[in-house]
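Computed from a predicted structure; not experimentally measured. In what follows, chains are A, B, ... by sequence order, proteins preceding strands, each numbered from 1.
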Amino acid sequence: MSEQFYPFKQIEAKWQKKWEKKGLFKMDPVSPKEKYYCLMMFPYPSSALHVGHGRNYIIGDVVARYKIMRKFNVLAPMGWDAFGLPAENAAIKSGIHPKTSTLNNIKTMKKQLNAWGAGYDWGREITSCLPDYYKWTQWIFLQLYKKGLAYKKKAAVNWCPSCQTVLANEQVVDGGCERCSAEVEQRKLEQWFFKITDYSQRLLDDLFLLKDWPERVRLMQKNWIGRSEGVEIDFKIADSDVVLPCFTTRVDTIYGAAYMVLAAEHPMVDDLINGHGNEKDIRKFINDVKKESVIDRVSATTEKKGIFTNRYVINPVNNRKIPLWIANYVLMEYGTGAVMAVPAHDERDFDFAKKYGLSIEVVIDNPKGSLDAKTMKEAYIEEGVMVNSHPFNGIPSLDAIEKIADYMEKEGIGRRKTHYKLRDWLISRQRYWGAPIPIIYCDKCGIQPVDEKDLPVLLPEKIKFSAKGGSASDGKPCTESPLKHAKSFVNTKCPKCKGRATREIDTMDTFVDSSWYFLRYLSPKDKKKPFDKKVVDKWLPVDQYIGGVEHAILHLMYSRFIVKVLYDMNHIGFKEPFAKLFTQGMIVKDGAKMSKSKGNTVSPDKLINKYGADTVRFYTLFIGPPEKDAEWNDRGMEGAWRFLNRVWRLVDRRPSSVSRIPSAKNKIPPLKRKTHFTIKKVTEDMEGAFHFNTALSAIMELVNEIYKFTEYGIRNTEYGKAVEIVIILLAPFVPHIAEEMWEKTGNERSVFEAEWPGYDKDALVEDSITMPVQINGKVRTKIEIASGTTDDEIKNIVLRNPVVNKWTQGKPPKKVIVVKGRLVNLVV
RNA sequence: GCCGAAGUGGCGGAAUUGGCAGACGCGCUGGUCUCAAACACCAGUGGCCGCAAGGCUGUGUGGGUUCGACUCCCACCUUCGGCACCA
């Protein structure tokens, strides 16, 4: 029986069923084999997956299957990051409860994952919106609360007017909401925070342990943490005993401080301007600044504006009296909200000083040519030699940073300090579809955490989450958490005094859900505890984590933080969650990221129906190096499809036995060597950078060689071996067709139980090699050299070569360079 | 502005302890098979000159190091990603 195309539909259904029955992806908790935890970032259950999402699961599946073949005890679980805004927003419009739509979406996506042939240990499935999961998310909150790492404060927070909720700093992109792009406003609200800033230094230090993370992700985290070292200097206010500390990283420029600037929100501003003239204008200025949008406040391009306070401060190193200003470009959240300005050596200060006619003095000279404060066009921010800074004149400014810091600490006018850009993690959300924060407010006892034994705090299912509180479909979200109106939820008893009390109505940011899920997979059904220390200590850190680079900061930083907290509380015995990270590139279509709103998504369902899952997998893997973005092209599918059919015919149909006489050009290939070379190449790609595209080309080359072989009607053991190797090497990539071919060639057990082949180094050695001969670096001819020929012999052969003689015109070359196994170059 | 990655045929991409640029695939051209097509198979395919043999040229641009540079160094251009008044 030989059909035109291979019957992928039958084959894929057959093997998907068999793997499930056999439990190919079931992790064995008692196996003596070495563990391998292969994790893909769990998806948010949106309506359906497209081929861009597919890349993530296909890569993960290839890795898991490969490790199974390498006889590891593999854990490849899957779950759902199921809380979140989109489901709630959809509910406001459609009236369908988020739980209903989410669980429906999960069903669809699960089907899609199966259709791709992606294998998971479904017995360990987790769903973050179900009480048996979020009970433990609440437990995590309580642990942080216990440690003083969860706290409530009234703070200026990022508010998205369209989503009607606050956002974490990490969720504000270019001054807009990362989800809906609406311009973010600042609001003062009572909110819950996680004190991630306590872990700034450790999050930074341990980045250096993560050698198997992409460099760029480590860099992004490093920049986000934003550590900088400097000195906090005390400036005394003139005619007062009040001290105004300010932070600088450039203490070497202290003698050039021309004025000082405060943020408009600085707490001392009010006292300072009180009764010192011009008060009205100053207050107006401050109000104007506070009204500026978030985008303008943080943009480096916004024009710098300021106003003089009529007050002065004293520079402690030279007792100079310098003016005190208020300006829009100083941030209250960083440092002390007060900045010393050195116009000659800071761009911002330079612009500001020019605008308002403030003095400029050079205190660090350019070694390449003296600076003149009167003529300079821009600030000189490089290092240089100290001037006008008695007693530090003449020394390099880099040294001066240390010397002046020492001096200040000795004199007690300043102290070394380290600052971070990282801010605390705002976790409150004024929305319904999230895990309730397990906190109770009692008039008598104040803020009380819910007792652990009373978890979970159930999210009420009957809820009205529209603005009017009436129908569920008037299209507008509430301005407060919809939980506010759920009386049976809100009204409760105080855990301490048993008196009447109310519950916190905000829910947690979904990033809290996803910052610990990788622990839950090890005991997804445990009703007594979130995870078992012994088991997670055995299985974590995750050996290979795979996901999109868009999570480089948010999810990956939060997870690292939560793991460190749990470690400190001795709940777990490891400090980092993910040993190895692979961030795959996006698949784009027509130059843009695939998205429903752009209408450029490619659905896998149709393609799988037309070509089969293996073809879709093959093309997705062949499209390019997986860490890079790639352009999807439906045509490319044809090539993958053709190849799989070509492979199929190797075992399905006896290739035509037309005997041919090998021509000189088309000599019978050394199949054994090619086979071993391919094993080497594919194994290296699997173990190394995951360059599946080159692994697949190598296999294609081998198949091409096999075909050349069959043209001559030769079917010897070398041939049989090569076909067997092709099937095994293809198995992780295109598992269904590989299994079927494996069975057809007489194997009874699954190809995933087969031994991954090793290669024979001796088989890689060639009898003879073709060496290019260069003359002055240009290839002029090629010679056939038996392997093992000495350099001298090669030289002789080359010098006798007629083509070479034509070019050298018989003259002896100046130099002959023989590169072993590579080429020969003659210099004439 | 700062930090990072990248730039190679018509297209996706391959090749770096410096050593045959364009593997593999898509597309295209010609052929075999067929009544015809589909499928498959064979041959060709960076550009320019040439009937051919062969030659010249070619990895974003301009320099440099080297017997030899996609690969290393210097300067620049472009694209993408991150950060962005952090003192």
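- Across all strands shown, B/U65 remains unpaired; no Watson-Crick or G-U wobble contact has both distances below 3.5 Å.
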Scan nucleotides 12-18 of chain B against the protein and return all N/O pairs shorter than 3.5 Å with their distances rounded to 0.1 Å.
unit_1, atom_1, unit_2, atom_2, d
B/G12, O2', A/Ile623, O, 2.6
B/A14, OP1, A/Asn693, ND2, 3.2

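- With a cut-off of 3.5 Å on both Watson-Crick or G-U wobble distances, the partner of B/G7 is given as B/C77.
- For A/Phe352 and A/Tyr259, the gap between ring centers is short of 6.0 Å.
- Atom OH in A/Tyr611 sits about 11 Å away from atom P in B/C39, given to the nearest Å.
- Relative to the side chain of A/Met220, the nucleotides B/A84, B/G82, B/G4 differ in distance, and B/G82 lies closest.
- When both pairing distances are held under 3.5 Å, B/C33 makes no Watson-Crick or G-U pair with any nucleotide shown.
- A heavy-atom distance below 4.5 Å is not found between the side chains of A/Glu303 and A/Asn328.
- Residue A/Asn633 is classed as having no contact, given no heavy-atom separation below 4.0 Å to the nucleic acid.
- Comparing B/G25, B/A87, B/G19 against the side chain of A/Met700 picks out B/G25 as the nearest.
- Backbone-only engagement by A/Val827 is indicated by non-hydrogen atom pairs under 4.0 Å involving sugar-phosphate atoms exclusively.
- Side-chain polar atoms of A/Tyr619 and A/Asp634 form no donor-acceptor pair below 3.5 angstrom.
- For the P atoms, the distance from B/G63 to B/C2 is 26 Å, rounded to whole Å.
- When rounded to the nearest whole Å, the span between CE of A/Met557 and C1' of B/G82 equals 13 Å.
- Protein atom CE of A/Met260 is 11 Å distant from nucleotide atom C1' of B/A87, rounded to whole Å.
- For A/Arg649, the side-chain atoms get nearest to B/C41 when compared with the rest of B/G19, B/C83, B/C41.
- Within the nucleic acid shown, A/Trp632 has no heavy atom closer than 4.0 Å to any nucleic acid atom.
- For A/Leu823, whose side chain is taken as the heavy atoms from C-beta onward, the closest listed nucleotide among B/C26, B/G19, B/A87 is B/G19.
- Under the 4.0 Å criterion applied to side-chain N and carboxylate O atoms, A/Lys354 and A/Glu378 are not assigned as salt-bridge partners.
- Within the 4.0 angstrom heavy-atom criterion, base atoms lie near A/Lys782.
- Residue A/Asn704 is in sugar-phosphate contact alone, with no base atom involved, counting any heavy-atom pair closer than 4.0 Å across all strands shown.
- The separation between A/Lys814 atom NZ and B/G68 atom P is 11 Å, rounded to whole Å.
- Rounded to the nearest Å, the gap between the C1' atom of B/G18 and that of B/A5 is 22 Å.
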Checklist entry - Do A/Leu621 and A/Leu696 pass the side-chain contact (heavy atoms from CB on, under 4.5 Å) test, and can you show the C-alpha distance, the side-chain angles, and the key distance before you say yes or no? => result CA-CA 8 Å; A/Leu621 294 162; A/Leu696 290 174; 3.8 Å; yes
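- Comparing B/G31 with B/C24, their C1' atoms are spaced 24 Å from each other, to the whole Å.
- For A/Asn223, the listed nucleotide lying nearest its side chain is B/C3; candidates were B/C56, B/C20, B/C3.
- When distances run from any side-chain atom of A/Glu701 to the nucleotides B/A40, B/C24, B/C20, the shortest one goes to B/C24.
- Counting to the nearest Å, the C1' atom of B/A87 and the CH2 atom of A/Trp325 are 18 Å from each other.
- Here A/Gly226 lies out of heavy-atom contact (under 4.0 Å) with every strand.
- Under 4.0 Å is where a charged nitrogen must lie from a carboxylate oxygen, and between A/Asp791 and A/Lys795 no such pair does.
- Contact annotation for A/Leu219: backbone-only contact, meaning every heavy-atom pair under 4.0 Å involves sugar-phosphate atoms and none involves a base.
- A salt bridge links A/Glu705 with A/Lys708: the closest approach of a Lys/Arg side-chain nitrogen to an acidic carboxylate oxygen falls below 4.0 angstrom.
- Taking the ring centroids of A/Tyr420 and A/Trp224, they lie at or beyond the 6.0 Å cut-off.
- The residue A/Arg227 sits apart from the nucleic acid: no heavy atom pair falls under 4.0 Å.
- Note: A/Phe5 and A/Trp648 fail the aromatic proximity criterion, with ring centroids not under 6.0 Å apart.
- Contacts of A/Val549 with the nucleic acid, taken as non-hydrogen atoms under 4.0 Å apart, are absent.
- Considering only the side chain of A/Tyr334, B/A87 comes nearest among B/C56, B/A87, B/C24.
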